[in-house]
Amino acid sequence: MKNVFKFGFLGLVLSVAIAACNNTASQSEETADSLTNEIESQVDSVTDSIDSIGSRAIDSLDSLAQ
């Protein structure tokens, strides 16, 4: 279930990044690299957040099962 959210969010971010790059073709390569780094940072942050939520949910389900 966690992977579904990860891949869905990653697809959304990549779609937005591609759309943004197509609209800003006149910007420099440095700006594009900066945007890529920012997107990767946000994806990593959200992925970590989703992982922690999933881990807490699994832990609470495990504690209920005992």
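Residues take their numbers from the sequence shown, with the count starting at 1.
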Expected output: side-chain Ser45 to main-chain Gln42 donor-acceptor under 3.5 Å: no
Rounded to the nearest 0.5 Å, how far does CG of Asp59 lie from CG of Leu64? 11.0 Å
Where Ser60 and Ser63 come nearest, the two heavy atoms and their spacing: O-OG, 2.8 Å
